[in-house]
Amino acid sequence: MELRAPRGMQDILPGQTARWEHVEGVLRDLARRYGYREIRTPVVEHTEVFQRGVGEGTDIVEKEMYTFLDRGGRSLSLRAEGTAPVMRAFLEHNLGAAGLPLRAYYICPIFRYDRPQAGRYRQHTQFGAEVIGSAGPAADAEVLGLAVRGLEALGLEGVELHLNSVGDAVCRPQYLAALREYFRPYLGELCDDCRRRFETAPLRLLDCKHEHDRRIAAGAPRMPAFLCDPCREHFDGVQEHLAAAGIAYRVDPGIVRGLDYYTRTAAEVFSGKIGAQNAMFGGGRYDGLAEQLGGRPTPGVGFGMGLERVLLVLEQTGIAVPGDPPPDLFIATAPAQNPEQARRLGARAHALADGLRRAGLSVHADVMPRSLTAQMRYANRLGARFVWILDAARLPLRDMGTKEEVALAASPADAEALERGDPSAVERLQRMVTARVRPGAPGKERG
RNA sequence: GUGGCCGUAGCUCAAGGGCAGAGCACCAGACUGUGGCUCUGGGGGUUGCGGGUUCAAGUCCCGUCGGCCACCCCA
């Protein structure tokens, strides 16, 4: 068998998980303060949720889904996107009954069968938030503000929201027609991709990367000029709310979004530090999604943030992310005089560790029978602040920073009482260790 | 799905037809029953995998898998 994670997927190893916990913790805490509660949906959905929600013509549905038949012959797909499942859950459980709007967030894996490259994986993690039930521009500004403030809370500076409106069912078709009319005379000189997209996705002609096409696109009509009155008003309102909240944004007609369900607001934030896949989050309004899924019309707005990319940006920016905290204490055992004593010392070390943990310390006791030197080396590598060396007489507690050592047993008799497991001796020594290692910690058990 | 570059020890990399190596890391020991520094010793490899050329293949050729980067598209 092949000892290798599937292509485009990666292990998050013990040395990395502290970074993730930090990022997730900051974002969860912020979302909670915004009044968003977590929602957890299954990692698979009926394939139709994505086909109807995200749209048949999109790349996600057309070629990037992990789709399979279960044993009952149902077509299921790994979660390819975050918003459609949340809306499915909203409709299924009639979450609007608890009062609108629903504010919800999620941190979950997303799967897309795509060719991996910098910042793009077949399994990635999104932090996302949705406001469902409100059509007003304040909702757009609030949820996008949450995303921007989230990046800032992680330490990023100069975050700028790129903002656009893609219109609605009234004005978007008119705009698309105007776009085609503009590009039609240039069809012969556009790149192959643009010629293909001329019919299928004319908005995409606006963000072609070919220099020649870009020059042509520069003269194309812009969506903001085609917005119908209600869309215009909404777009203005979103900007007004963002400005009032002090969220930096820039109107960018090139923000187009690939998914069918977007209406009106479309937004993204980019970073120049992570290669070609440079969007840290993308989001927008999806007033048509609920109907596409077969529910009653319900407006919504939200975003999805790629946490792998955010971690990459933090790394590239040199923003320190906390690592694992080292243990307070390592309990070592000194060489014993005979195997019987060695066994007793080992058992005592683990019993003491257990008691000290209940008193609030983080404690390592070795599970490898090895020399004191080797135990010290290991304790040093763990970064343990103190080492308590158990032997038959002195019980020295060593401060690994200062090399200072204090003997915790008042007499060999104490040490023997400890070795026997005499409850009062054990408790007295645990209080002494706790007081030394963590002066502020409670000396009594916490349970 | 397309293209470019690249796969040698846990990591970073040498060896470019002729004995598979170094540094770091790891393990043990010495210097004190006690870590970092230093010293000594040790374990580790079907050179991604499969085939071909050759007396001889990490080395040349083909295929395949994987990684990186870019396109497409997205987070």
Side-chain angles (χ1 to χ4, degrees), chain A residues 1-10 13 15 54 57-64 79-83 107-128 147 151 191-194 196-197 200-201 204 207-210 255-259 266-271 274-284 302-313 330 332-337 368 370-394 396-405:
Chain A
M1 75 170 281
E2 215 174 354
L3 250 35
R4 202 185 257 162
R7 184 166 197 200
M9 305 188 181
Q10 51 190 332
L13 301 173
V54 178
T58 61
D59 282 0
I60 290 180
V61 170
E62 224 166 56
K63 54 187 192 189
E64 295 176 2
R79 176 168 42 221
E81 185 269 342
T83 298
I107 295 178
C108 64
I110 304 279
F111 299 85
R112 288 185 203 158
Y113 190 90
D114 205 350
R115 186 99 172 243
Q117 72 180 79
R120 189 171 69 191
Y121 310 97
R122 288 185 171 179
Q123 174 179 346
H124 75 276
T125 311
Q126 280 191 22
F127 165 64
L151 293 175
C191 70
D192 291 348
D193 286 326
C194 283
R196 178 169 50 79
R197 287 179 297 204
T200 59
R204 293 242 149 262
D207 60 0
C208 178
K209 288 177 183 170
H210 290 95
I255 302 298
V256 155
R257 313 262 57 219
L259 314 187
E268 292 187 50
V269 164
F270 304 102
S271 169
I274 51 175
Q277 306 302 317
N278 59 358
M280 286 191 284
F281 77 76
F303 70 87
M305 180 184 292
L307 296 189
E308 282 79 3
R309 290 184 188 174
V310 170
L311 259 328
L312 272 177
V313 173
F330 183 95
T333 52
Q337 321 227 319
M368 307 260 289
R370 49 185 161 186
S371 71
L372 184 56
T373 300
Q375 293 178 70
M376 293 300 292
R377 250 203 296 272
Y378 183 60
N380 182 58
R381 212 174 51 155
L382 290 172
R385 293 167 49 229
F386 289 86
V387 173
W388 192 14
I389 301 166
L390 301 191
D391 71 359
R394 296 190 297 129
L397 180 68
R398 180 180 178 85
D399 184 319
M400 295 294 275
T402 65
K403 293 182 146 185
E404 184 191 15
E405 252 174 40

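For the numbers below, each heavy atom of this structure counts, side chains included, while hydrogens, waters and symmetry mates do not. It should be emphasised that the depicted structure is a prediction, and the values quoted were computed from it without experimental measurement. Every chain is numbered from 1, with letters handed out A, B, ... down the list of sequences.
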Heavy atoms under 4.0 Å, any strand shown: does [X] hit a base, just sugar-phosphate, or nothing?
| X | value |
| --- | --- |
| A:G283 | nothing |
| A:A374 | sugar-phosphate |
| A:E405 | base |
| A:G275 | sugar-phosphate |

For RNA chain B, list all stems, counting runs of three or more consecutive pairs where every pair is Watson-Crick or G-U wobble with both distances under 3.5 Å.
-> B:1-7 with B:65-71, B:10-13 with B:21-24, B:26-30 with B:38-42, B:48-52 with B:60-64

Classify the side chain of A:R4 and the base of B:G67 as holding, or not holding, a donor-acceptor pair under 3.5 Å.
-> no

Decide yes or no, distance alone: a donor-acceptor N/O pair under 3.5 angstrom between the base of B:C26 and the side-chain of A:R381.
-> no

Winner on side-chain proximity to A:M400, out of B:A75, B:C71, B:G35, is B:G35

Hey, does the side chain of A:Q375 reach the backbone of A:R370 with a donor-acceptor pair shorter than 3.5 angstrom?
-> yes

Would you find a donor on one side and an acceptor on the other, under 3.5 Å apart, between the side chain of A:R309 and the backbone of A:A279?
-> yes

Quote, to the nearest angstrom, the P distance that separates B:C72 from B:A56.
-> 48 Å

For A:M280 and A:S271, which heavy atoms make the closest approach, and how far apart are they?
-> CE-CB, 3.9 Å

Closest heavy-atom contact between A:I60 and A:A80?
-> CG2-CB, 3.7 Å

Phosphate-side-chain proximity, [X] and [N], N/O vs OP1/OP2 below 4.0 Å:
| X | N | value |
| --- | --- | --- |
| A:R112 | B:C73 | no |
| A:T125 | B:A75 | no |
| A:T58 | B:C73 | no |
| A:Q117 | B:A70 | yes |

Of A:R7 and A:A334, the one whose closest RNA chain B nucleotide lies more 5' | A:A334

Ranking A:A118 and A:P396 by the position along RNA chain B of their nearest nucleotide, the one closer to 5' is A:P396

I need the [atom1]-[atom2] distance between [X] and [N], as an integer number of Å.
| X | N | atom1 | atom2 | value |
| --- | --- | --- | --- | --- |
| A:R115 | B:C74 | CZ | P | 19 Å |
| A:R377 | B:C37 | CZ | P | 11 Å |
| A:M376 | B:C27 | CE | P | 15 Å |
| A:Y121 | B:A75 | OH | C1' | 11 Å |
| A:F386 | B:G36 | CZ | P | 19 Å |
| A:M9 | B:G67 | CE | P | 11 Å |
| A:N380 | B:C26 | CG | P | 10 Å |
| A:L13 | B:C11 | CG | P | 12 Å |

Looking at the angle O4'-C1'-N9-C4 for a purine or O4'-C1'-N1-C2 for a pyrimidine, is B:G16 syn or anti, with syn meaning within 90° of 0?
-> syn

Torsion-based syn/anti label for B:G58, 90° from 0 as limit | syn

Would you please test A:F127 and A:V310 for side-chain contact (heavy atoms from CB on, under 4.5 Å) and show each step?
-> CA-CA 10 Å; A:F127 165 64; A:V310 170; over 6 Å; no

Worked verdict on A:Q126 versus A:E81 for side-chain contact (heavy atoms from CB on, under 4.5 Å) = CA-CA 9 Å; A:Q126 280 191 22; A:E81 185 269 342; over 6 Å; no

Are A:Y378 and A:M368 close enough, and set up right, to give a side-chain contact (heavy atoms from CB on, under 4.5 Å), and what steps lead you there?
-> CA-CA 10 Å; A:Y378 183 60; A:M368 307 260 289; over 6 Å; no

Could you walk me through whether A:D59 and A:E62 pass side-chain contact (heavy atoms from CB on, under 4.5 Å), step by step?
-> CA-CA 5 Å; A:D59 282 0; A:E62 224 166 56; 4.3 Å; yes

Within 45° of the six-membered ring axis of A:Y113 and under 6.0 Å from that ring's centre, is NZ or CZ of A:R122 located there?
-> yes

